[in-house]
Amino acid sequence: MKIETVTIFPDYFAPLSLSLLGKAQESGILEFVVHDLRSFATNNHHAVDDTPYGGGAGMVMLPEVWGQALDPLMVDETDLIILTPAGKRFDQSMAQEFSRSSHIVFACGRYEGIDDRVREHYNTETYSSRNIRVHEVSIGDYVLGGGEVASLVMIEAITRLLPGVLGNPESLTEESHNEDGYLEYPNFTKPAVWREIAVPEILLSGNHAEIAKWRAAAANARAKKNL
């Protein structure tokens, strides 16, 4: 899988070289490329935004700059993800869907967002005929300073589903969240008693059938608590 990000803050993506994702890049499972949006600005001040038509607070990111940045990235079979609070809520099902993509481009907006004509332009028949798909995505009902943090969340959720990224592939069989909204049961490790709090006795019993029942009940109770 190849993932590319377009941003005015390339340093935000330094963590992608760490831990499992760093190893995945070294092994060739993943390829990350970060593009500095300002390098595509054509004015003397490298401006990437301007005041909104119709008035209002804040600035809007220029469509021409985004077009220059995105045009060469729009190869066949590309998923273009525009991070916006107005987008569809990201969840585990969507992570599964994107994990099957071969090429993802994250457009990390700032200020009041990206001029909406960018979304409209890449959503035309010209691009859809090449299997270029445009997605507006949000990671939650709150506002961030920009799309960089949101894209990092999505990148980790998506790429950990790729074969070979996790050290133990069995970890994927008991996820904290799955496509059905399942929540994982509580987990414990040594010591058996910590600060006078004991691990549930059933987990020390060795009775795997009863342990499975306990875990299912605990997961169900946790799900109801979070409703």
Side-chain angles (χ1 to χ4, degrees), residues 1-3 5 11-32 79 81 83 85 87-102 104 106 108 135 137-145 147-227:
M1 174 185 282
K2 182 176 183 178
I3 295 179
T5 61
D11 290 345
Y12 253 103
F13 296 93
L16 294 179
S17 64
L18 303 176
S19 190
L20 295 176
L21 295 188
K23 293 178 181 177
Q25 292 176 77
E26 292 173 2
S27 65
I29 298 172
L30 294 172
E31 179 184 359
F32 289 110
D79 285 289
I81 298 175
L83 285 311
K88 185 178 179 181
R89 176 81 68 85
F90 181 68
D91 58 16
Q92 189 67 15
S93 177
M94 197 183 297
Q96 291 278 3
E97 177 186 344
F98 284 131
S99 72
R100 294 186 280 270
S101 176
S102 60
I104 302 176
F106 287 90
C108 301
H135 315 266
V137 182
S138 166
I139 63 167
D141 294 333
Y142 43 84
V143 179
L144 300 170
E148 289 80 10
V149 172
S151 64
L152 284 170
V153 168
M154 291 185 63
I155 288 169
E156 177 146 338
I158 293 166
T159 56
R160 68 188 303 278
L161 299 174
L162 299 178
V165 171
L166 291 185
N168 182 2
E170 292 184 4
S171 297
L172 293 175
T173 65
E174 295 188 3
E175 291 284 6
S176 295
H177 289 268
N178 66 16
E179 295 184 54
D180 299 319
Y182 169 81
L183 292 180
E184 192 176 14
Y185 48 78
N187 285 289
F188 304 88
T189 187
K190 300 176 181 64
V193 178
W194 177 75
R195 297 187 179 179
E196 301 182 1
I197 304 173
V199 172
E201 284 190 25
I202 186 63
L203 300 180
L204 308 177
S205 69
N207 188 329
H208 296 293
E210 291 302 314
I211 289 173
K213 291 180 182 178
W214 179 90
R215 285 175 167 171
N220 184 55
R222 176 178 276 185
K224 289 182 178 179
K225 181 180 179 182
N226 289 337
L227 290 177

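Along the sequence shown, residues are numbered consecutively beginning with 1.
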For residues 187-196, the salt bridge (Lys or Arg N to Asp or Glu O under 4.0 Å) pairs (sequence neighbours left out) are none
Separation between CG (Leu144) and OG (Ser138), nearest 0.5 Å, reads 8.0 Å
dist Phe13:CZ -> Ser151:OG (nearest 0.5 Å) comes out at 3.5 Å
All heavy atoms of Thr159 vs all of Ile155, minimum pair found to be OG1-O, 2.7 Å
Do Phe98 and Leu161 make a side-chain contact, defined as non-hydrogen atoms from C-beta onward lying under 4.5 Å apart?
no
Between Val137 and the options Arg89, Lys88, Met154, the side chain to side chain contact (heavy atoms under 4.5 Å, CB included) test singles out Met154
Could Lys213 and Glu210 be called an ion pair, given the rule that one side-chain N must be under 4.0 Å from one carboxylate O?
yes
Are Ser205 and Ile211 close enough, and set up right, to give a side chain to side chain contact (heavy atoms under 4.5 Å, CB included), and what steps lead you there? CA-CA 8 Å; Ser205 69; Ile211 289 173; 4.3 Å; yes
Determine whether Gln96 and Ser99 make a side-chain contact, defined as any pair of heavy atoms from C-beta on separated by less than 4.5 Å. yes
For this session: With the side chain counted from C-beta on, respond yes when Ser17 and Phe32 share a heavy-atom pair under 4.5 Å apart, and no when they do not.
Result: no
Smallest heavy-atom separation, Ala150 atom then Leu83 atom, equals CB-CD1, 4.0 Å
On a heavy-atom basis, the closest approach of Pro186 and Ala218 is CD-CB, 3.6 Å
**Message:** Measuring only between side-chain heavy atoms, which start at C-beta, is Val193 closer than 4.5 Å to Val199?
**Reply:** no
Heavy atoms of Met1 and Ile158 approach each other most closely as CE-CG2, 4.1 Å
- Item | Geometric class of the Phe188/Trp214 ring pair [parallel <30°, tilted 30-60°, perpendicular >60°] | tilted
(Q) Taking Leu16's backbone N and O only, do any of them form a donor-acceptor pair with Gln25's side chain (distance below 3.5 Å, no angle check)? (A) yes
Here the gap from Ile81 atom CD1 to Ile3 atom CD1, rounded to the nearest 0.5 Å, amounts to 8.0 Å
Residues passing the side chain to side chain donor-acceptor pair (under 3.5 Å) test with Ser101, sequence neighbours excluded, are Asp79
In this structure, NE2 of His135 is separated from CZ of Phe106 (nearest 0.5 Å) by 10.0 Å
Verify, without hydrogens or angle tests, whether Ser19 (side chain) and Leu21 (backbone) share a donor-acceptor contact under 3.5 angstrom. no
In terms of heavy-atom contacts, Tyr142 and Pro85 come closest through O-CB, 4.5 Å
When every non-hydrogen atom of Val165 is compared with those of Leu20, the smallest separation belongs to O-CD2, 3.8 Å
